[in-house]
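Chain A is the first sequence line, chain B the second, and so forth, proteins listed ahead of strands; every chain is numbered from 1.
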Amino acid sequence: MENLKNESIEVKLLLDAIYMKYGYDFRNYSKASIKRRIEGFLSQSGIGSISFLQHEILYNQVLFGKLLSQLSVNVTQMFRDPDFYSALIKHVIPELKKKKIIKIWHAGCSTGEEVYSLAIILKEEGLYNKCRIYATDMDEIVLQKAKKAIYPIKYIQEYTLNYNKAGGQKSFNDYYTAKYDFAMLDSGLKENILFSNHNLASDSVFGEMDIIICRNVMIYFDRELQERAFKLFKDSLCARGILCLGSKETIRISEYSDAFEDIVAPQKIYRLTK
Amino acid sequence: MFPDKDAGRENRFEAVVVGVSAGGLKALQVILSELDKKFHPSVIIVQHISPAADNFLPRFLNKKSALPVKQADEKEVIKSGYVYIAPPDYHLLVEEDKTFSLSVDGKINYARPCIDVLFETAAYAYGAALVGLLLTGANRDGSQGLKKIKEAGGLTIVEDPKTAEVPIMPQGAIKTLDVDHILSLRTIAPFLNIQVA
Ligand SMILES: C[S@@+](CC[C@H](N)C(=O)[O-])C[C@H]1O[C@@H](n2cnc3c(N)ncnc32)[C@H](O)[C@@H]1O
């Protein structure tokens with residue numbers, strides 16, 4: 001038991017060191033997942049202990065870069081959870097049609113698949129030209145990939161199925177060009193999207209949004225950091241603005257719960273009451 | 001007969017983690033329908049299941065069991081006497097403070113949820129107060145996690161490959177570590193009721 005406790009101390013010290021040296025703040029991430037990924041990194045790199053890793057990354061920035069990419073979970077898909085998109089089409093899109101300009105913040109956008117999924121829906125609903133989409137992530141590497149919008153062709157079959165289930169009106173292959181092993185998304189989808197760096201653990205409000213979409217990011221935060229992010233979202237929304245979370249995330253455990261009403265509760269689509 | 005419950009040991013175990021794959025629906029039904037309604041430890045289950053399965057398994061098993069069965073929620077505090085099932089398409093992790101976390105990391109051992117992820121994180125959180133139980137399956141998932149449970153001082157149980165609908169997963173565990181008990185499907189619940197409750 002005793003050496004188990006030591007590992008928690010070592011993890012904490014490592015995260016403190018990363019924060020002090022490089023400014024990345026993982027101190028309030030869910031510990032079990034962080035610890036597993038650190039251990040995975042140890043066994044891959046042959047480094048004997050977390051404490052030794054801490055020493056190494058202070059002096060070896062290249063090694064830190066590798067650890068950083070192991071610590072971030074960037075897994076994403078186009079039209080993941082098709083029911084979420086159909087709920088958007090049915091319950092959110094109609095009220096957006098009244099607006100002149102629609103500001104959307106996609107927080108934790110990873111390599112962009114979700115952002116382009118939404119862009120496709122907005123095009124089909126004739127709303128895209130009115131939209132300004134801010135797509136942010138704290139990870140510069142994924143943002144670069146997101147801007148390129150080139151994805152492995154092997155996923156396209158699954159994305160096509162998801163698109164159809166979500167209620168897509170066209171044929172999914174209207175939206176990409178296949179080239180060797182890759183699918184390049186239609187560049188028209190990019191026009192109104194600004195990709196930029198924003199860290200939910202340390203950065204602040206940057207605009208007033210009509211919709212905020214942040215899916216499968218809160219699950220990696222502890223309750224304290226979740227509250228920080230929820231407050232940031234609340235403060236960034238316009239009156240009666242809409243918040244969308246991942247299907248296993250909820251505002252209902254938050255102290256800001258009362259500020260939001262359900263639009264589609266099972267799909268975690270909420271609206272600011274004021 | 002099984003030995004009488006000895007008082008000193010009564011509260012040793014806080015949780016039972018269960019890993020199961022192909023053939024799991026029947027195996028879980030047999031075990032959960034026979035667990036005593038006063039069964040004290042939390043039961044936490046990873047069943048390999050299709051991403052589209054949604055809430056089917058907890059609802060189905062809730063009807064079969066005397067204990068309340070529910071899907072494990074993000075950040076939920078793990079309570080004694082409850083049975084929790086990992087949501088489809090997410091990994092389920094136990095935090096040191098005995099709450100759940102979820103993750104969408106890629107598949108591990110071809111699976112999400114992955115049994116090893118639950119077992120390893122639970123081993124760390126519960127130490128010697130944990131029971132690991134690995135049932136039927138066609139996968140090698142769970143062996144490494146069960147090993148971690150044993151190393152942390154917990155109790156390890158594997159379904160007898162002879163009664164398992166698909167023996168590969170229990171066989172894998174038996175090869176990987178020296179498991180404490182190999183039990184036929186029908187003796188698992190009675191064993192838990194007496195030795196672990
Ligand atoms: C699992 S992905 C989710 C991607 C996408 N939203 C989805 O649901 O498919 C989590 C993303 O959140 C980003 N992330 C993690 N912590 C963050 C933070 N503090 N601020 C901004 N983004 C963060 C990661 O870099 C990663 O790209």
- [ ] Could you tell me whether a side-chain N or O of B:Glu96 sits under 3.5 Å from a main-chain N or O of A:Ala32, the two making a donor and an acceptor?
- [x] no
Task: chain B interface, residue from A:Ile219, A:Asp83, A:Thr76 that has the most non-hydrogen pairs under 4.5 Å - done: A:Ile219
Task: A:Tyr19, OH: over 12 other non-hydrogen atoms inside 6.0 angstrom - done: no
- [ ] Taking all non-hydrogen atoms of both residues into account, name the closest pair between A:Ser30 and B:Glu95 and its distance.
- [x] CB-OE2, 3.4 Å
Task: Proximity breakdown for A:Phe221 and chain B, heavy-atom pairs closer than 4.5 Å - done: backbone
Task: A:Arg36 NZ/CZ over B:Phe119 ring centroid, <6.0 Å and within 45° of normal - done: no
- [ ] Report, as yes or no, whether the 6.0 Å neighbourhood of atom NZ on B:Lys98 holds more than 12 heavy atoms from other residues, nucleotides or ligands.
- [x] yes
- [ ] Residue by residue, scan residues 106-119 of chain A and write down, ordered by number, those that have a heavy-atom distance under 4.5 Å to chain B; if none do, write 'none'.
- [x] none
Task: Enclosure of B:Lys147 NZ (heavy-atom neighbours >12, cutoff 6.0 Å) - done: no
Open item on the list: Can you tell me which portion of A:Gln226 sits under 4.5 Å from chain B's heavy atoms? Options are side chain, backbone, both or neither.
Closed with: side chain
TODO: Check whether any side-chain heavy atom of B:Asp89 lies under 4.5 Å from a side-chain heavy atom of A:Arg80, and answer yes or no.
DONE: yes
- [ ] Kindly indicate whether the side chain of A:Arg215, heavy atoms from C-beta on, has any atom under 4.5 Å from the side chain of B:Val104.
- [x] no
- [ ] Answer yes if the side chains of B:Ser101 and A:Tyr220 hold a donor-acceptor pair under 3.5 Å, and no otherwise.
- [x] no
Task: Members of residues 243-258 of chain A whose heavy atoms come closer than 4.5 Å to chain B - done: A:Ser247, A:Lys248, A:Ile253
Open item on the list: Would you compute the distance between atom CG of B:Asp105 and atom CG of A:Asn216 and round it to the nearest 0.5 angstrom?
Closed with: 11.0 Å
Task: Proximity of residues 69-86 of chain B to chain A, residues having a non-hydrogen atom under 4.5 angstrom - done: B:Gln71, B:Glu74, B:Lys75
Open item on the list: For chain A, which candidate among B:Val94, B:Thr121, B:Val117 shows the most heavy-atom pairs at distances under 4.5 Å?
Closed with: B:Val117
- [ ] Please identify each residue that fulfils side chain to side chain contact (heavy atoms under 4.5 Å, CB included) with A:Asn164, with sequence neighbours left out.
- [x] A:Thr160
Task: Other residues, nucleotides, ligands: >12 heavy atoms within 6.0 Å of A:Gln44 CD - done: yes
TODO: Tell me, with the steps shown, if B:Arg112 and A:Val75 meet side chain to side chain contact (heavy atoms under 4.5 Å, CB included).
DONE: CA-CA 12 Å; B:Arg112 187 171 63 200; A:Val75 177; 4.1 Å; yes
